[in-house]
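Okay, so here's the structure we're looking at.
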Amino acid sequence: MPRLAFIGLGRMGHGMAARTIEAGFEVSVWNRSKGKAEELIGRGARWATSPADAAIDADAVITMVADDEASQSVWLGENGAGTTAKPGTLAIECSTVSYGHALALASELRSRGLIYIDCPVTGLPDAAASGKLTLLVGAEAADLERARPFLEPLGSTIRHFGAVGSGTVFKLINNLMGAVQIASLAEGVAIAEQAGLDMTIVAESLASGAVASPQVIRHSKRMIARDFAGASFTAALRQKDAAYAVALAETLLPGVPVARAALAAYDAAKSFAPDDDEGRMIEIVSRPKPAT
Ligand code: NAP
């Protein structure tokens, strides 16, 4: 039975790890706080005492943690998976990290004999739990084929963008555009409220008109109702993705004023309520401004 180490059991990682157990892999799990692993241990996963312990004898290691700092720690820290994974092990980074980090991590893990797969994802936690994520892969084609059995339980769509790093480039563009849409939606909703429009009709119109992207459909009703129960994507994560995307954009297309405005909006949202739903942007936009 193939052996898998799964590291990072947050909103996304927990459901993804559960899918790999259901797929029949022998799974070792590690999370910074052990409580999130209990249910998976009950379903047959082995609790590893560190990422290094999880990676011993693994055929593949999958990580799903918050950001560059967390990724650096779980792969290359003192007890990182990269310290024990044997040469030939698949190193699959599913976290959304910066482009620079993805390239540096790939280079370091390759120097240790590992096969790096750049694999950020799109889809919310419910898609993670039901194996319906879209996987945005950057990898050598032959490496992707080796990784495919470990990826298939996670996603309904695997998109191969090209070499290592290319999956991350697309993911950052995708989430930057999401930040722009959500920040812009918040302003549109707030303007409609100030104008005294019937917000039921506004909601219906936004969800069915020309700007009805999945982000607009999902967030418009929640913003209008100020209903942010069950945060699935936090302001802190959206700000992190926008910051990584703007840093990448500046190396390719200096300027990007719309992207910078969205990042500034999410800087404010992160200061306001970092661990709450990204849609609370509406509350920031609607706040009375101090008199000048
Ligand atoms: P989350 O629920 O906040 O989980 C974050 C995970 O990272 C937790 O396991 C956390 O451990 C771990 N972590 C944070 N800092 C760490 C550190 N310094 N060292 C070790 N572990 C650390 O976040 P999530 O929503 O699952 O997101 C995980 C990744 O998926 C992020 O890169 C995010 O951008 C991406 N993503 C999220 C969504 C979504 O809808 N939520 C969709 C697509 C992609 P603890 O449990 O101990 O805090």
Side-chain angles (χ1 to χ4, degrees), residues 5-19 29-40 45 47-55 61-82 92-99 101-102 105 118-137 154-157 159 167-168 170-179 182 214-215 218-219 222 228 230-245 266 269-270 273-279:
F6 203 107
I7 294 165
L9 306 172
R11 289 181 191 86
M12 297 293 287
H14 188 280
M16 293 164 72
R19 290 284 305 170
V29 293
W30 182 84
N31 192 62
R32 184 176 57 176
S33 41
K34 188 179 176 188
K36 292 181 189 172
E38 298 296 354
E39 196 254 348
L40 297 169
W47 171 250
T49 55
S50 64
D53 180 35
V61 178
I62 298 180
T63 50
M64 190 53 162
V65 292
D67 52 18
D68 286 3
E69 186 190 354
S71 171
Q72 182 76 11
S73 167
V74 300
W75 284 109
L76 300 175
E78 195 182 343
N79 292 309
I92 304 173
E93 177 53 279
C94 287
S95 324
T96 306
V97 296
S98 69
Y99 181 59
H101 176 77
L105 180 63
D118 167 40
C119 187
V121 309
T122 57
L124 293 170
D126 57 348
S130 58
K132 297 205 173 91
L133 295 170
T134 295
L135 311 184
L136 310 172
V137 175
L154 306 179
S156 50
T157 306
R159 295 197 199 285
T168 289
F170 180 78
K171 171 66 181 175
L172 295 179
I173 294 167
N174 184 81
N175 277 28
L176 176 61
M177 292 177 66
I182 298 163
Q215 292 288 16
R218 176 174 147 68
H219 286 287
R222 290 159 63 88
F228 307 110
S232 51
F233 197 66
T234 64
L237 288 178
R238 180 65 72 180
Q239 187 278 342
K240 176 257 309 183
D241 290 357
Y244 291 167
Y266 269 96
K270 184 179 170 186
D275 299 325
D276 282 358
D277 193 274
E278 57 181 337

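As the structure lists them, so they are numbered: ligands from 1, and atoms in each ligand from 1.
For the residue pair Thr234 / Glu278, no side-chain donor-acceptor distance below 3.5 Å is found, with atom types taken as modelled. Side-chain contact, Glu38 with Trp47: no donor N or O sits under 3.5 Å from an acceptor N or O. With hydrogens and angles left out, the side-chain atoms of Trp30 and Ser50 include no donor and acceptor closer than 3.5 Å.
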Pair Glu39-His14, side-chain hydrogen bond (donor to acceptor under 3.5 Å, both in side chains): steps then yes or no = CA-CA 9 Å; Glu39 196 254 348; His14 188 280; 3.3 Å; yes
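Taking Asp277 as the reference, Arg218, Arg222 meet the salt bridge (Lys or Arg N to Asp or Glu O under 4.0 Å) condition, with sequence neighbours excluded.
Considering Ser73, Ser98, Ser95 as possible partners of Asp68, the one that fulfils the side chain to side chain donor-acceptor pair (under 3.5 Å) test is Ser98.
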Could you pull out every N or O of ligand 1 that sits under 3.5 Å from a protein N or O, with the distance for each pair?
from	atom 1	to	atom 2	distance (Å)
ligand 1	2 (O)	Arg11	N	2.9
ligand 1	2 (O)	Arg11	NH1	3.2
ligand 1	7 (O)	Ala66	N	3.1
ligand 1	9 (O)	Leu9	N	3.4
ligand 1	9 (O)	Gly10	N	3.4
ligand 1	9 (O)	Asn31	OD1	2.6
ligand 1	15 (N)	Arg32	NH1	3.3
ligand 1	26 (O)	Arg11	N	3.1
ligand 1	26 (O)	Met12	N	2.9
ligand 1	32 (O)	Val65	O	3.0
ligand 1	32 (O)	Ala66	O	2.9
ligand 1	32 (O)	Thr96	N	3.0
ligand 1	32 (O)	Lys240	NZ	3.2
ligand 1	34 (O)	Lys240	NZ	2.8
ligand 1	40 (O)	Ser232	O	3.4
ligand 1	41 (N)	Ser232	O	2.7
ligand 1	46 (O)	Asn31	ND2	2.9
ligand 1	46 (O)	Ser33	OG	3.2
ligand 1	46 (O)	Lys36	NZ	2.6
ligand 1	47 (O)	Arg32	NE	3.2
ligand 1	47 (O)	Ser33	N	3.0
ligand 1	47 (O)	Ser33	OG	2.7
ligand 1	48 (O)	Arg32	NH2	2.9

